[in-house]
Amino acid sequence: MRLVLVLGDQLSADLSALAKADKANDVVVMAEVADEASYVPHHPKKIAFTFTAMRKFAAWLRRQGWQVAYTKLDDPENAGSITGELLRRAEEFDAAGVVYTEPGEWRLIAALGDMPIKTHCLPDTRFIATHQDFADWADGRKQLRMEYFYREMRRKTGLLMDGDKPEGGQWNYDHDNRRPAPDQVDFGGPMQFSPDATSTAVLDLVEARFADNFGTLRPFWFATDTGQARQHFAHWLKGGLPKFGDFQDAMLDDNRFLYHAVIGLYLNAGLLDPLEVCQKAVQAYYDDRAPLNAVEGFIRQIIGWREYVRGIYFLEGPDYTTRNALGHDRKLPAVYWGGNTKMNCMEKAVAQTRDEAYAHHIQRLMITGNFALLAGIDPAEVHEWYLAVYADAYEWVEAPNVIGMSQLADGGIIASKPYISSGNYIHKMSDHCKSCAYRVQDKTGADACPFNLLYWHFLARHRDRFEKNPRMSNMYRVWDRMDTEWRHTVLAEADDWLARLDASETV
Ligand code: FAD
Ligand code: DLZ
Ligand code: SF4
């Protein structure tokens, strides 16, 4: 007999390791372990979600006739790590080896590969592109543009294809998808589930063991099995999808989810299947229940961005998370852990992250990410923060988004220019500036929006790198046209503001 490892983000009935195993003889190993629960200080909701979904998946496997050796976190025999648990179980069952599906983090791939026992690693078939598909696509290209990869995935899946042409004649309807925040949101947000006996026991455990981690544990409303996740998705398809495209980039003080699907955590843990959710969204378009711009925008995020960032993570290798092309070295300020700030946009994004273990893409990219990049924060610290605080965060998807897309620390593999903006963009896409202590219109002075000061500070300090970039040279021309004294004032005020940030003043 062999052991079959199922990790906390591999909770899928069609997992390759299960497909290759023998139900009559093999033993499934699942373990809640200190190493996985603390390699970053995960949000308590993420830990509660993972453990509850693991326990329910184990119960489901047993109902299907599998023998499951499940270790709870507080089991006195718990070896504390995935490899430790496998070796303990191998001895217990006198196993000939371990079969597993490739994990989504280099850290664990290396640890499993180094075990003193026979192992068989299978590809993770829950993705549309294999590592080889991505490597073949990337081979010989000067720039790895997501848009071209996405077209390959459209062809491969046949989603929104009319023969060999894209449905509606265009591959991408993004220009229809950038409307500012609406006055009213007619979707009530994600479906919320009451805790059951399994999650209640886990919540008590997490409360006792992870009380010091950043993040609010209760109320806990996530779906924790495939049935619930499908219900949640059906609810969103009906109420959220039709306007998903229009307001994808919008942000509101009093609405944390707008029309977003809030499915990242379910897809990444294996409770939802990426192809299945895309097929359902496409069917909604063919049934006239959602417009093309919304459906195309949605599937692009999944068969495009999600597959693409995974391809980059595995193509670039284990050192990707240590890259720091811009040489940024500022410590992550306390505001990321809920410290006081006068910046309303940052306060709102961090507060919702603390409460929900969730923020949508533009909050991650253009508020917390934009701020970190403009302020020159060490990308390794930024990476660790994002990996810890979001319920959908696993390194294969988080690192390319943070190190690559958001912080440009990979030198521009994913983004051809930095995702930076002054306060003006945030003002256009949100209602945050209306109730901020800073004034978004002010470019200098005591009340000037820090994003305005830091935007020019960033451009000035990275002039050598960016001034020849055709998509940025315009901004340098604007800067150069400004009066010298004004430019000195901006840079001096930005330096002063950053010094106060470093001194832990409330700024
Ligand atoms: P929706 O907006 O409803 O989109 C639907 C789905 O599309 C998402 O659930 C996700 O699976 C996929 N998707 C959309 N954009 C991306 C993207 N850029 N990369 C990969 N998948 C995408 N996503 C994660 O799953 N885990 C992370 O740890 C993560 N970290 C991020 C960090 C930064 C700095 C940025 C800019 C983005 C990050 N993303 C991450 C991508 C994106 O922000 C989230 O997938 C999304 O906000 C999840 O919310 P949702 O399910 O409501 O998404
Ligand atoms: C995220 C997570 C947490 C918090 N805990 C566990 C755990 O105790 N046991 C487990 O098998 N998986 C856990 N996970 C998910 C893993 O961290 C994930 O499988 C790896 O990071 C690879 O993506
Ligand atoms: Fe954010 Fe500046 Fe607007 Fe305040 S004024 S909410 S700091 S963008």
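Every number for a ligand or one of its atoms is a count from 1 in the order of the listing. Keep in mind that what you see is a predicted model, and the values were worked out from it rather than measured.
Residue A359 places a heavy atom less than 4.0 Å from ligand 1. Using 4.0 Å as the threshold, M54 has a heavy atom nearer than that to some atom of ligand 2. The closest approach between a heavy atom of W236 and any atom of ligand 1 is not below 4.0 Å. Residue contact annotation: Y259 has no non-hydrogen atom under 4.0 Å from ligand 1. Ligand 2 has no atom lying under 4.0 Å from any heavy atom of E395. At least one heavy atom of Y39 sits under 4.0 Å from some atom of ligand 2. Not a single heavy atom of Y390 lies less than 4.0 angstrom from ligand 1.
Contacts with ligand 1 closer than 4.0 Å are made by no heavy atom of F257, backbone or side chain.
Counting heavy atoms only, N401 comes closest to atom 18 (N) of ligand 1 of the residues N401, L373, I362, I414. With H260, E398, R364 as candidates, the residue nearest to atom 46 (C) of ligand 1 on a non-hydrogen basis is R364. In this comparison of E36, M30, E85, E105, the heavy atom closest to atom 6 (C) of ligand 2 sits on E36.
Counting backbone and side-chain atoms alike, C436 contributes no N/O/S atom closer than 2.8 Å to atom 3 (Fe) of ligand 3. With a cut-off of 2.8 Å, atom 1 (Fe) of ligand 3 has no N, O or S atom of C449 in range.
Shortest contact from atom 14 (N) of ligand 2 to any protein heavy atom: T50 CG2, 3.8 Å. Considering only non-hydrogen protein atoms, atom 8 (O) of ligand 2 sits nearest to V33 N, 2.9 Å. From the protein, the heavy atom lying nearest to atom 12 (C) of ligand 1 is Q301 O, 3.5 Å. Scanning the protein heavy atoms around atom 26 (N) of ligand 1, the nearest turns out to be D392 O, 3.0 Å.
Of the N or O atoms in V6, none lie within a sub-3.5 Å distance of an N or O in ligand 2. Below 3.5 Å of separation, one finds an N or O of A31 facing an N or O of ligand 2. Considering both main-chain and side-chain atoms, R107 comes within under 3.5 Å of ligand 2 through a nitrogen or oxygen pair. At least one N/O-N/O distance between D9 and ligand 2 falls below 3.5 Å.
No cation-pi contact links R256 to Y358, judged by a cut-off of 6.0 Å to the six-membered ring centre and 45° from its axis.
Relative orientation of the Y308 and F149 rings is tilted, given thresholds of 30° and 60° on the angle between their planes.
Annotation for ligand 1: atoms under 4.0 Å from non-hydrogen atoms of G264 are 9 (O), 51 (O).
Judged purely by distance below 3.5 Å, without hydrogens or angles, the side chains of T353 and Y390 pair a donor atom with an acceptor atom.
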